[in-house]
Amino acid sequence: MSQTRKPKSPDRSQRQSAAWGKRLSMLVLILITEAAFAQSGGDGRLIGKFAPDLAPVAARAHSAAANETVQVIVQYKQLPQSAQEGRVLQMGARLNHRLGMVKGIALTIPVRALSALEADPEVLSVTVDHPMKELDDTTDLATGMPSAWNAGYNGAGIGVAVIDSGINGSHPDLWNSSETHSRVVYHQDFTGTASSSSSGAQYDLYGHGTHVAGIIGGNGYLSGGNYAGVASGVNLVDLRALDLNGSGSDSTVIAAIQQAIALQSTYNIRVINLSLGRGIFVSYTQDPLCQAVESAWKAGIVVVVAAGNYGRLSVNGSNGFGTITAPGNDPYVLTVGAMKSNGSTSASAETKASYSSKGPTTFDHVVKPDIMAPGNDIVSLSAQGATLEANYPGELVTGNDGNNDYFTLSGTSMATPVVAGAVALLLQENSALTPDQVKARLMKTASKVFPNSTSAWVPHLSQNFTDFYDLFSVGSGLLNMQSAIANTDLAPATVGAALSPSAVVNQSTGAVSLVYGNSSVAAGSVVWGASVVWGASVVWGANISGSSVVWGAALPWNSSQLSAFSVVWGPGTSATSALSVVWGSVKSSTDAAFSDAGDDEQ
């Protein structure tokens, strides 16, 4: 049953807009090099049994120092048994995680032992256990949230799993409406570094996960409702995969996803929020992290993922195209980019944040992001004493009790929980919706009215960035909850019906078109294929004509001012072959670690 939403003070929107004005430009600013997105030639497929970024390491196995190790995920043809574990331990490996959902185990193993892994006939693949980082009151009016609230929806009864740096469950904004108990109903740590506090008061040592949780389900108790989240009645399941520095790995995230599926019926987990990401080193079809999110999706859980914050990164003139992070590159999941409010509560005033990553995805050229939501200068819950709050005290915001109860962050990390909360509201309205039906409805009803381009001046970089509003930049448009709640169209319930399409280029004409479906889901089963109700032009807007050509020789890519076309698609590639990004060669696995924290813009 729906709970009564706390009354909000009349100046809520004004206070939010003011809070989103300025923030320190150095907030969680991570200096990254072009090598973080540099990809090897080819199509991202395995080289033998090794991922492309691991193959050079494996090639020197015989000459490696005795103490040199690498963290890997080993996937087997069948679920590994104790005999397989015993063999790798005899090679000098250390077992870090059992990852049954991908038929694998996470190991720290001597480089010298990699050749033995390749020779094992039961081993299917070996990939780097990549470092993982977080991707850093939302504009409720701009996304139509009051329409859902006024209809009585607050997410009550829906469980949302937050896989992040933990949640401070003792924050009053995360308690129930009568402030008698916390709505953070479960805590589990996968990093081995969290406090054992049963209350969760010290469970988020970094501060990112609590902020994300507040955007999803904070009730605004300490702000008179001014900084309430999207779905104030949801129950939150805290699966901690990032440590006090916001760092984790593929295996900690996969283990957390595995546990979310295991707890699905216990806490009615219908949504997973992943405000984190890393570079793409292999096709999504062979990436264990992507396999994990697909397993959750197929289990009936809507997986909402941050697009990444590298839209300003121009590798060889790419102008930020091709910078979507994993697992947001997977075509099943709902991938979210960030907009900024520009001091207004109107949807028409929202513009793309220049840091928000743009598609298509590396190797597979999946059309991403899927949808946009506000993510710039978002005020949400603080975790007092956590790393972020200690390092950036100027971003703390005082609550009604006079304490620093809130904190300001920007990034696709902040846009993602806006959508996760919206999914909870939609599922409360109709609990029978499948993940594909939820994704299709949100994308179809998204606001699609944008300017041709906008520019943003970033003071600390002394640089102006121009964004075009094509489907690789803003996807299907801006989240519109008013339209989503009112809409009753049902896409097919088939798993994979709402796969994000892939893009291909005709080298002779330069025209970029969309391909729907994959090897397991026929194009005719995908909702935005030939269907009248769910056709491409309806879902994606005017960017796509009836012939499904995205664009030809016109802006933005074939302009003399922008060289992104040739960089993303590569010269001389065949329209019928896997298209690869020509970005140099991968360095070491440590190049994959980066933060999804954006910067505010003027």
Side-chain angles (χ1 to χ4, degrees), residues 132-138 155 158-176 179 181-222 227-248 252-253 255-257 259-260 263 266-276 304 306 378-389 399 404-407 409 413-414 416-418 420-421 424 596:
M132 183 74 64
K133 293 281 285 185
E134 91 291 345
L135 292 176
D136 309 345
D137 202 73
T138 152
I158 304 298
V160 180
V162 178
I163 298 176
D164 211 287
S165 63
I167 302 175
N168 179 0
S170 64
H171 196 296
D173 282 27
L174 295 179
W175 284 49
N176 64 337
E179 293 296 314
H181 62 269
S182 176
R183 287 179 289 112
V184 183
V185 295
Y186 183 88
H187 293 281
Q188 187 168 345
D189 173 50
F190 297 91
T191 70
T193 60
S195 165
S196 61
S197 171
S198 60
S199 69
Q202 298 298 319
Y203 215 74
D204 184 6
L205 302 179
Y206 184 59
H208 190 268
T210 299
H211 194 276
V212 165
I215 297 171
I216 296 171
N219 63 18
Y221 181 79
L222 292 179
Y227 303 133
V230 173
S232 63
V234 296
N235 289 327
L236 297 163
V237 175
D238 175 16
L239 302 175
R240 186 175 188 267
L242 306 178
D243 64 15
L244 79 168
N245 296 310
S247 299
T252 59
V253 175
I257 295 172
Q259 185 65 356
L263 296 171
T266 304
Y267 297 107
N268 193 30
I269 297 175
R270 302 295 306 275
V271 191
I272 289 175
N273 188 95
L274 291 171
S275 291
L276 45 76
V304 189
I378 305 298
V379 177
S380 185
L381 312 185
S382 70
Q384 294 184 26
T387 304
L388 282 175
E389 283 76 358
N404 293 322
D405 302 307
Y406 301 95
F407 195 68
L409 284 172
S413 270
M414 284 58 255
T416 301
V418 175
D596 177 31

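By convention here, the first residue in the shown sequence is residue 1.
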Exercise. Of all the heavy-atom pairs spanning L236 and A213, show the shortest one and how long it is.
Key: CD1-CB, 4.0 Å
Quiz item: Which residue, I216, V230, V160, forms the side-chain contact (heavy atoms from CB on, under 4.5 Å) with P417?
Solution: I216
Quiz prompt | Any V237 side-chain heavy atom under 4.5 Å of V185 side chain | solution = yes
Self-check item: Side-chain heavy atoms of L242 within contact of Y206, under 4.5 Å
Solution: no
Quiz item: For A260 and A161, which heavy atoms make the closest approach, and how far apart are they?
Solution: CB-CB, 4.2 Å
Quiz item: Does D173 have any side-chain contact (heavy atoms from CB on, under 4.5 Å) partners at least two apart in sequence or in another chain, and if so, which?
Solution: H171, N219, Y221, L222, L381, Y406
Quiz prompt | Side-chain donor or acceptor of R270 paired with backbone N/O of G159 under 3.5 Å | solution = no
Quiz item: How long is the span from the CD1 atom in I272 to the CD1 atom in I257, to the nearest 0.5 Å?
Solution: 6.0 Å
Quiz prompt | Gap separating the OG atom of S247 from the CG atom of L276, nearest 0.5 angstrom | solution = 11.5 Å
Self-check item: R183 (side chain) donor-acceptor with W175 (main chain) under 3.5 angstrom
Solution: yes
Practice problem: Looking only at non-hydrogen atoms, find the nearest pair between A241 and T252 and report the distance. | Solution: O-OG1, 3.1 Å
Quiz item: Do we see a donor-acceptor contact under 3.5 Å between the side chains of T210 and D204?
Solution: yes
Self-check item: Taking every non-hydrogen atom, the tightest pair across S275 and A306
Solution: CA-CB, 4.1 Å
Practice problem: Please confirm whether the backbone N or O of L244 pairs with a side-chain atom of T387, one donor and one acceptor, at under 3.5 Å? | Solution: yes
Practice problem: Please tell me if the side chains of D243 and L205 come closer than 4.5 Å, counting only heavy atoms from C-beta onward. | Solution: no
Quiz item: Heavy atoms, side chains only, cut-off 4.5 Å: are T416 and N273 in contact?
Solution: yes
Quiz item: Do the side chains of V271 and V234 get nearer than 4.5 Å, heavy atoms only?
Solution: no
Quiz item: Hey, is the main chain of F407 close enough, under 3.5 Å, to the side chain of H211 for a donor-acceptor pair?
Solution: yes
Quiz item: What are the two closest non-hydrogen atoms of S182 and G169, and how far apart are they?
Solution: OG-O, 2.9 Å
Quiz item: Quick one: side-chain hydrogen bond (donor to acceptor under 3.5 Å, both in side chains) partners of N235, sequence neighbours excluded?
Solution: none
Self-check item: Heavy-atom donor-acceptor pair, E389 side chain to Q384 backbone, under 3.5 Å
Solution: no
Exercise. For residues G155 and A231, report the shortest heavy-atom separation together with the two atoms involved.
Key: CA-CB, 4.2 Å
Practice problem: Show your reasoning for whether side-chain contact (heavy atoms from CB on, under 4.5 Å) applies to V418 and I378. | Solution: CA-CA 10 Å; V418 175; I378 305 298; 5.9 Å; no
Practice problem: Apply the test side-chain contact (heavy atoms from CB on, under 4.5 Å) to residues M414 and S380: give CA-CA distance (whole Å), side-chain angles for both, the deciding distance (0.1 Å), then the verdict. | Solution: CA-CA 9 Å; M414 284 58 255; S380 185; over 6 Å; no
Practice problem: Hey, can you tell me if H187 and Y203 have their rings parallel, tilted or perpendicular (30° and 60° cut-offs)? | Solution: tilted
